[in-house]
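Report on one structure; see the data block that follows.
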Amino acid sequence: MTTIAFTVGEPSGIGPDLAVIYAQKKSNKNLLLFADPDVLLNRAKQLNLNIKIVESEQASSAYELPIYPIKVNTPVKCGILNKNNAQYVLNTLDRATEYCLNAQCDALVTGPVHKSIINQAGIHFTGHTEYLANLSNTDKTVMMLATSDLKVALATTHMPLSEVPQNITTQSLQKTISIIHQFLLNDGIDTPKIIVCGLNPHAGEDGYLGMEEIEIINPLIKKLNSQGCDLVGSVPADTAFTPDALIGVDCVLTMYHDQGLPVLKTLGFKKAVNITLGLPFIRTSVDHGSALSLAGTGNISLGSLNTALNYAQILIANRKKRQLSQVASSYA
Ligand SMILES: NC(=O)c1ccc[n+]([C@@H]2O[C@H](COP(=O)([O-])OP(=O)(O)OC[C@H]3O[C@@H](n4cnc5c(N)ncnc54)[C@H](O)[C@@H]3O)[C@@H](O)[C@H]2O)c1
Ligand SMILES: N[C@H](C(=O)O)[C@H](O)COP(=O)(O)O
């Protein structure tokens, strides 16, 4: 049986609502929540829902939430951020990551955090992607968001736009493409076809609107294609997502956060999954943030949480298959 670690995220946001509404499901959930039990009990009360907290990984009936208890520092008010609880949010991530690194859990699914409040507490934090890479000493990770029809990956993640160009280097882009390629192979795609977007408008318009395509992106595409990759590009980002361009494409690699994610979220917000590639453990996430104004209202979608949990299960199953075939081939 698998166990998925679920960090509930920012306690004044909709993370606790997601958890207690999810707990109403009847099936055995195989979850281990990393959160403050009182925050969950209070949110359930506010939503008029029945939940039972169990300090075990084996909840088998409706309303039960298996939990690894971690206390908040300050009482929580729905929709009101408090920087005194920033460290609590990180504590839940630290413990859950430890469980995944030690194989006590099979995957990590993260609920939404609020990034600025963590920074207001004096802790530099740009996102789970970077934080988990740091916690697990991983030198390169890739953010990918996926709907059932489209996968979008990012060459750079959470950084000011002014810093993007200097972070598009041949070395970093090559690692990014190699991580995506391997992920798609593991996903059962024999010859992954990846569109690589340009950085500049019209992919630089032959150098008249920027040089990164001519100096970095195009030569790398040529080199990797000569080694057997199937990369298309560099493609202007405004045409990369047109329906004809996407035929037969397994993933679109965009150069920065807001080049790719608005497209993906227009197509699938609240149903998509965010996956961190390259970590030594499986991590998926909801595609949305803390939605403070909806906390405690019950008026939220669990679509993305369901996708994130289902996708984590698929990745776990794929990993098991690969491990079994490795064992089999070692005896062959
Ligand atoms: N996975 C994450 O941890 C994650 C993802 C995105 C944003 N964030 C952070 O969340 C904070 C708030 O960001 P934002 O306001 O830009 O984005 P947001 O996703 O919190 O909200 C955007 C809009 O979508 C709505 N919404 C979000 N989730 C919903 C759900 N499950 N059901 C119904 N409606 C929902 C909100 O009410 C709001 O109108 C920021 O600090 C941001 O960095 C975290
Ligand atoms: N870029 C993500 C999004 O827009 O959904 C979000 O900020 C979460 O990123 P992390 O998983 O790194 O926290």
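Read the numbers this way: they start at 1 and go in the same order the structure lists the ligands and their atoms. Just so it is clear, the model here is predicted, and its values are computed rather than measured.
- Interface of Phe269 with ligand 1, defined as ligand atoms under 4.0 Å from a residue heavy atom, comprises 19 (O), 24 (O), 27 (C).
- Protein heavy atoms are found inside the 4.0 Å sphere centred on atom 28 (N) of ligand 1.
- In this structure, Tyr99 has its ring center under 6.0 Å from that of Phe34.
- The option from Arg283, Lys265, His288, His128 that lies nearest to atom 3 (C) of ligand 2, judged by heavy atoms, is Lys265.
- Proximity to Pro112 (heavy-atom distance under 4.0 Å) selects the following atoms of ligand 1: 2 (C), 3 (O).
- Residue Lys270 touches ligand 1 through its side chain alone, judged by heavy-atom distances below 4.0 Å.
- Under the 4.0 Å distance rule, the nearest protein heavy atom to atom 19 (O) of ligand 1 falls inside the cut-off.
- Only side-chain heavy atoms of Ser285 come within less than 4.0 Å of ligand 1; its backbone N, CA, C and O stay farther off.
- There is no protein heavy atom less than 4.0 angstrom from atom 15 (O) of ligand 1.
- Of all atoms in ligand 2, listed by their number and element, those nearer than 4.0 Å to a heavy atom of Met143 are 1 (N), 9 (O), 12 (O).
- Each of the atoms 3 (O) of ligand 1 lies under 4.0 Å from some heavy atom of His128.
- With Ile300, Ile14, Leu294, Leu81 as candidates, the residue nearest to atom 34 (N) of ligand 1 on a non-hydrogen basis is Leu294.
- With hydrogens and angles ignored, the 3.5 Å screen pairs a side-chain donor or acceptor of Thr297 with a backbone N or O of Asn299.
- A side-chain donor-acceptor contact under 3.5 Å links Asp106 to the backbone of Thr3.
- Checking atom 44 (C) of ligand 1 against the protein gives a heavy-atom contact under 4.0 Å.
- Which parts of ligand 1 touch Val286 is read off a 4.0 Å heavy-atom cut-off, strictly below it: atoms 1 (N).
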